There are 2 protein chains.
Amino acid sequence: MKVKKEAHNFRSNCPLSLGLDLFGDKWSLLIVRDLLYYKERTFKDFSLAKEKISSARLSDRLSKLEDLKIITKSNHPTNKKVFIYRLTQKGLDLAPIIAECMSWSYTYFNEHLSDKTKKIVEAYQKNPEQVLKQFKSQ
Amino acid sequence: MKVKKEAHNFRSNCPLSLGLDLFGDKWSLLIVRDLLYYKERTFKDFSLAKEKISSARLSDRLSKLEDLKIITKSNHPTNKKVFIYRLTQKGLDLAPIIAECMSWSYTYFNEHLSDKTKKIVEAYQKNPEQVLKQFKSQ
DNA sequence: TATTTTGCTTTCGATTTGAAAGTAAAAATA
DNA sequence: TATTTTTACTTTCAAATCGAAAGCAAAATA
């Protein structure tokens, strides 16, 4: 339970700066990415992602994203200790940013990427709308 | 002059994670933003942007972006003390990420934005290709 | 009942940050 | 020509943020 509702201290009214103030760190969008791929994730699921986020950082980012209403946190149907995180519409709408970032890396760091990843990006570049739609409906 | 060429230590081969490792901080994309708007900028120009980056941070980010070949640094035609920073193609290609981030903020933080900004985002939402093309040709 | 799993929190040393002051060279001004 | 100002940084330092590891309590499982 969060008590202190920290007032947002935005650096400017630029919409880019605003976005960076909210989720412009090394981890937030990776959490969103996992939720785009898998739709539902638990704390442990996120911990197992290959970037190896620490539990302190993950805990912090999850509550920030929840405060921002980018994700929701709900109870597991049978296991009281486990929580299920999902994207809201606000979170889903971060997909284009993520896709464009992936697309850029595809162009300039192609050799670092897995074949599976390349195929997703290629599909996105060919038909962005369709790939984004897939994320939203899966 | 940079001596130590630090080896990139990427957290994973995910293209999103890769992008975040390179420019996923609070300042790098704001520098790119200024260059998208104005094409040419000096150290002082960047310093005057409304987000008020400190000179130490600006200096650090400019050399990182130059190392990444996202920007170039060249001499001022008449003033030896001044340098001119510009985007490379690699840097220009960050425009869609920036535009999508602005678009997201437009949707969810509309009331924070200036009318001028809103108009740009509206134009982008109506015809992304055209707005991006404008950036590249101005 | 004992052990394991889960979702955290706590601790702590290391890294990164912003703010401020300092610097040196070049340019502008007197 | 001498002095002042401008520019592009660098340096310093306290504060904030970070990752790694350990700790914890409740719930699930064996």
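Labels below follow one simple rule: chain letters A, B, ... track the order of the sequence lines, proteins then strands, and each chain is numbered from 1. Keep in mind that what you see is a predicted model, and the values were worked out from it rather than measured. When reading the values below, keep in mind they use all heavy atoms of this one structure, side chains included, and skip hydrogens, waters and symmetry mates.
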Distances under 3.5 Å between protein N/O atoms and the N/O atoms of nucleotides 11-14 of chain C, please, pair by pair.
none

Grab the CZ-C1' distance between B/Phe83 and D/dT10 for me, whole Å please. 14 Å
B/Leu58 has an atom CG; how far is it from atom P of C/dA20, in whole Å? 17 Å
Is any side-chain heavy atom of A/Ile84 closer than 4.5 Å to a side-chain heavy atom of A/Pro77? yes
Is there a side-chain contact between B/Leu22 and B/Phe10 in this structure, where contact means two heavy atoms from C-beta onward sitting under 4.5 Å apart? yes
A/Ser63 side chain to A/Ser59 backbone, donor-acceptor under 3.5 Å: yes
Residues that A/Asp21 engages under salt bridge (charged side-chain N to carboxylate O under 4.0 Å, His left out), provided they are two or more places apart: A/Arg11
Tell me, do A/Leu87 and A/Val32 make a side-chain contact under 4.5 Å, heavy atoms counted? yes
Between C/dC8 and A/Tyr85, is there an OP1 or OP2 to side-chain N/O distance shorter than 4.0 Å? yes
Compute the angle between the rotation axes at the two ends of the helix from C/dT1-D/dA30 to C/dA30-D/dT1, each taken over five pairs, rounded to 10 degrees. 10°
For nucleotides 21-28 of chain C, just jot down a letter per nucleotide in 5' to 3' order: B, S or -, based on protein non-hydrogen atoms under 4.0 Å. B--BBSS-
Would you indicate what B/Arg11 reaches in the nucleic acid, counting non-hydrogen atoms under 4.0 angstrom: base, sugar-phosphate, or nothing? nothing
Check each residue of residues 46-54 of chain A for a non-hydrogen atom within less than 4.0 Å of any atom in DNA chain D, then write out the ones that pass by number, or none. A/Ser54
Can you check the A/Lys44 NZ to C/dG7 P distance for me, whole Å? 8 Å
Show every donor-acceptor pair shorter than 3.5 Å between a side-chain atom in residues 97-104 of chain A and any protein atom, with sequence neighbours excluded, or say none if there are none.
unit_1, atom_1, unit_2, atom_2, d
A/Glu100, OE2, A/Tyr124, OH, 2.8
A/Ser103, OG, A/Gln125, NE2, 2.7
A/Trp104, NE1, B/Lys90, O, 2.9

I need the CG-P distance between B/Leu62 and D/dA8, as an integer number of Å. 10 Å
Could you tell me which residues satisfy salt bridge (charged side-chain N to carboxylate O under 4.0 Å, His left out) with A/Glu40, sequence neighbours excluded, listed by chain and number? A/Arg86
Does the side chain of B/Leu20 reach to within under 4.5 Å of the side chain of A/Leu30, using non-hydrogen atoms? yes
Any side-chain heavy atom of B/Thr117 sitting closer than 4.5 Å to one from A/Cys14? no
Answer yes or no on whether A/Lys73 is positioned over the face of A/Phe83, meaning its NZ or CZ is under 6.0 Å from the six-membered ring centre and within 45° of the axis. yes
Output the rounded distance in Å from NZ (A/Lys73) to P (C/dT6). 16 Å
Which salt bridge (charged side-chain N to carboxylate O under 4.0 Å, His left out) pairs, counting each pair once, include a residue from residues 116-130 of chain B, with sequence neighbours left out? none
Partners passing salt bridge (charged side-chain N to carboxylate O under 4.0 Å, His left out) against A/Asp34 (at least two apart in sequence or in another chain): none
Between D/dA16 (C1') and A/Asp60 (CG): distance, integer Å: 12 Å
Output every pair passing salt bridge (charged side-chain N to carboxylate O under 4.0 Å, His left out) with a member in residues 45-61 of chain B, not counting sequence neighbours, ordered by first then second residue. B/Asp25-B/Arg61, B/Arg33-B/Glu51, B/Arg41-B/Asp45, B/Asp60-B/Lys64
May I have the distance from B/Asn75 (atom CG) to D/dT7 (atom P), rounded to whole angstrom? 16 Å
Listed partners of B/Asn75 passing side chain to side chain donor-acceptor pair (under 3.5 Å), at least two apart: none
Whole angstroms only, please: what is the NE2-P distance between A/His76 and D/dA26? 21 Å
Mind running a 4.0 Å heavy-atom check of residues 17-32 of chain A against DNA chain C and sending the residues that fall below it, in number order? none
Using a 4.5 Å cut-off on heavy atoms from C-beta on, say whether the side chain of B/Gln89 contacts that of B/Asp93. yes
Any B/Phe43 side-chain heavy atom under 4.5 Å of B/Ser55 side chain: yes
